[in-house]
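Note sheet for the following structure.
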Amino acid sequence: MRGFSRRAALRHVGMAGLALAASPAWADELIKLPLASDPRERPITGDFPQKGRMILQRTRPPLLETPMEVFDRGVFTPNDQFYVRWHWAVIPNSVDVKSFRLSVRGHVNQVLSLSIDDLLRMPRVELAAVNQCSGNSRGFFWPRVPGAQWAHGAMGNAAWTGVRLKDVLDRAGIKPGAAQVRFKGLDEPVVPDAPDFRKSLAIDHARDGEVMIAFAMNGEQLPLLNGFPLRLIVPGWYSTYWVKMLSDIEVLDRADDNYWTATAYTIPDTPHANITPGQTGVKMVPINRMVPRSFFTNVADGAALASGPAVPIRGIAFGGDSGVAKVALSSDGAKSWQTAALGKNYGKYSFRQWEAKVALPAKGRYSLMVRCTNMAGDIQPIAPNWNNSGFMRNVIETIQINAT
């Protein structure tokens, strides 16, 4: 991995074209996603700055999905095809790192106003971690729920470089009685009185030494659409907490009751965040830790494979908030499972590649299933969960294969 230089971080980055309008050119190439309901077709776009070929889910605010074939190329998702998800459409078109400041305030001994240069002088850390939208795979929920109808590409894995949030907080000095730390970025609501996007972590979590403030991913500066110049990294937790264009850190002496923490991004306090459609009176809690998942990357639903000799099947898996312990495949409806070989371990929060050889004995239709077990013993369930927000899908993935 290439080193990240101070000079690279101190460039002025000017971006144009973030306020793109829908263009007929985007419809020149369409992809049909294997979603649970129509419409299933999405445009492919390459029209966003610093981004390559992406699936367009929404223009404003930008929602760009990573095509599944990208995940077959390696553990780390390329920056130019790393998915994008924003809540508000008012996003700066450029950020001047020379004048940019990160504020640290609230229940602290000393208010800080830190430049990028200040952060670059602090001890650096690097961590491989999956960033996954809470609603990744929402398009597979049935009955359908509102929100972006993502397939599986609202996720990505990167090697993040930055500084420990703990070191920044310690520099400010936390006063006794601190309860939570709240984070805000440079994006703004599109209408007056709409709530700023802010997220909070418990003080002990914020100071656990793993939560970090990143200024680089995969050895390069963050793309603007992925949070340049700074992004909060909360390994093992859903990306709603990974605040982009981080500009403000506020230490609170109380529980945070802002909309995005107390109301939005909440899940049923039930196993697998699962309820039945129409069920009411369920206790809701903020979404938090990710759960294990696994995916096929070199074969897709409906693919044709030769019968007889074993053929290589591969993919990626991650353990959520714990490392990958095992990946297993089945081609007989979960009656039997074979263990896949695991690739290099880049840490408990990273993608991990897997591979197995599967023999399809006769011509016909087969269901290939893959499941991940993490180091904590959590296993992907055989039945999908359902909730009103389409959050936390992690059912065993199944694709239909035609043996020829």
Side-chain angles (χ1 to χ4, degrees), residues 71 75-77 82-83 85 125-138 152 154-160 162 164-166 180-181 183 199-214 217 231-243 261 265-274 284-295 315-328 342-354 370-381 384-385 387 389-397:
F71 300 120
V75 166
F76 296 106
T77 312
F82 205 100
Y83 89 102
R85 197 270 190 262
V125 292
E126 185 173 287
L127 178 72
V130 173
N131 175 296
Q132 180 187 209
C133 179
S134 308
N136 191 26
S137 312
R138 182 184 286 119
H152 296 318
M155 64 177 183
N157 183 52
W160 307 94
R164 296 179 185 89
L165 176 61
K166 179 183 185 298
Q180 290 191 299
V181 184
F183 309 91
K199 296 295 293 188
S200 297
L201 298 174
I203 187 69
D204 289 344
H205 186 184
R207 300 186 70 252
D208 68 2
E210 290 190 327
V211 179
M212 62 186 289
I213 300 169
M217 58 188 290
R231 181 167 198 169
L232 190 71
I233 307 301
V234 188
W237 281 43
Y238 287 96
S239 70
T240 181
Y241 294 94
W242 296 43
V243 175
T261 294
Y265 285 99
T266 56
I267 55 172
D269 189 16
T270 61
H272 303 288
N274 185 49
M284 304 293 286
V285 296
I287 197 169
N288 46 80
R289 294 175 173 85
M290 293 194 297
V291 287
R293 300 200 71 179
S294 54
F295 303 90
I316 54 171
F318 61 98
D321 68 338
S322 179
V324 173
K326 183 171 67 174
V327 173
L342 296 178
K344 183 177 179 179
N345 186 358
Y346 288 91
K348 64 180 180 178
Y349 300 119
S350 174
F351 281 161
R352 195 154 181 193
Q353 291 181 306
W354 59 263
V370 61
R371 72 182 183 191
C372 174
T373 302
N374 72 12
M375 290 293 186
D378 297 324
I379 307 173
Q380 289 182 259
N385 70 327
N387 53 66
S389 298
F391 288 163
M392 292 183 64
R393 179 181 169 92
N394 80 317
V395 64
I396 292 170
E397 292 299 333

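A donor-acceptor distance shorter than 3.5 angstrom exists from the side chain of Asp208 to the backbone of Val211, with no hydrogens or angles considered. Between the side chain of Asp321 and the backbone N or O of Arg289, no donor-acceptor pair lies under 3.5 Å. One N or O on the side chain of Asn288 and one on the backbone of Pro286 form a donor-acceptor pair closer than 3.5 Å. Looking at Asn374, its side chain does come within 3.5 Å of a backbone N or O of Gly319 through a donor-acceptor pair. In this structure, Trp160 contributes its side chain and Met217 its backbone to no donor-acceptor pair below 3.5 Å. A donor-acceptor pair is defined here as one N or O able to donate and one able to accept, closer than 3.5 Å; no such pair exists between the side chain of Trp354 and the backbone of Arg352.
Two residues are said to be in side-chain contact when any heavy atoms from C-beta on lie closer than 4.5 Å; Asp378 and Ser322 fail this criterion. Inter-residue side-chain proximity for Asn394 and Pro381 is flagged as met; some heavy-atom pair is nearer than 4.5 Å. You'll find the side chain of Val370 reaches within 4.5 Å of the side chain of Val327, heavy atoms only. Annotation: side chain of Val130 is not in contact with side chain of Tyr349 (no heavy-atom distance under 4.5 Å). Residues Ser239 and Arg85 have side chains not in contact (no heavy-atom distance under 4.5 Å, counting atoms from C-beta outward). The side-chain heavy atoms of Leu342 and Gln353, taken from C-beta on, include no pair separated by under 4.5 Å. Cys372 has its side chain out of reach of Lys326: every pair of non-hydrogen atoms, C-beta onward, lies at least 4.5 Å apart.
At a cut-off of 3.5 Å, with distance as the only test, no side-chain donor of Gln132 or Tyr83 sits close to an acceptor on the other residue. Using modelled atom types and a 3.5 Å distance limit, the side chains of Asn157 and Ser350 yield a donor-acceptor pair. Using a 3.5 Å distance cut-off with no hydrogens or angles, the side chains of Gln380 and Ser294 do pair a donor with an acceptor.
Taking the six-membered ring wherever Trp is involved, the centroid distance between the rings of Tyr238 and Phe391 does not fall below 6.0 Å. Taking the six-membered ring wherever Trp is involved, the centroid distance between the rings of Tyr346 and Phe76 falls below 6.0 Å.
In this structure, the separation between CG on Leu201 and CG on Leu165 is 7.5 Å, given to the nearest 0.5 Å. Rounding to the nearest 0.5 angstrom, the gap separating the OG1 atom in Thr270 from the CG atom in Asn387 is 8.0 Å. Note that CD1 of Ile287 and OG1 of Thr240 are 7.5 Å apart. Values are rounded to the nearest 0.5 Å. Here Glu210 contributes atom CD and Leu127 contributes atom CG; the two are 6.5 Å apart, rounded to the nearest 0.5 Å. To the nearest 0.5 Å, atom NE2 of residue His205 and atom NZ of residue Lys166 are 14.5 Å apart. Atom CE of Met212 and atom CZ of Arg164 lie 9.0 Å apart (nearest 0.5 Å).
One finds a salt bridge joining Arg293 and Glu397 here, because a Lys/Arg side-chain nitrogen approaches an Asp/Glu carboxylate oxygen to under 4.0 Å.
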- [ ] Dump the intermediate steps for side-chain contact (heavy atoms from CB on, under 4.5 Å) on Val291 and Met392, then the final yes or no.
- [x] CA-CA 7 Å; Val291 287; Met392 292 183 64; 3.9 Å; yes

- [ ] Start with the C-alpha gap between Arg231 and Val243, add the side-chain angles, then the distance that decides, and say whether side-chain contact (heavy atoms from CB on, under 4.5 Å) holds.
- [x] CA-CA 6 Å; Arg231 181 167 198 169; Val243 175; over 6 Å; no

- [ ] For side-chain contact (heavy atoms from CB on, under 4.5 Å), just list the numbers for Phe351 and Val324, CA-CA rounded to whole Å, side-chain angles, deciding distance to a tenth of an Å, and then say yes or no.
- [x] CA-CA 9 Å; Phe351 281 161; Val324 173; over 6 Å; no

TODO: With side-chain contact (heavy atoms from CB on, under 4.5 Å) as the test, would you mind laying out the steps for Val75 and Ile316 before giving the verdict?
DONE: CA-CA 8 Å; Val75 166; Ile316 54 171; 6.0 Å; no

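Note: Phe295 and Phe318 have parallel aromatic rings, judged against thresholds of 30 and 60 degrees for the angle between ring planes.
Taking each heavy atom of Met375 and Ala325 in turn, the nearest pair found is SD-CB, 3.8 Å. Closest approach of Ser137 to His152, counting heavy atoms only: OG-ND1, 2.7 Å.
Seen from the ring of Phe183, Lys199 does not count as a face-on cation partner, given the 6.0 Å and 45° thresholds.
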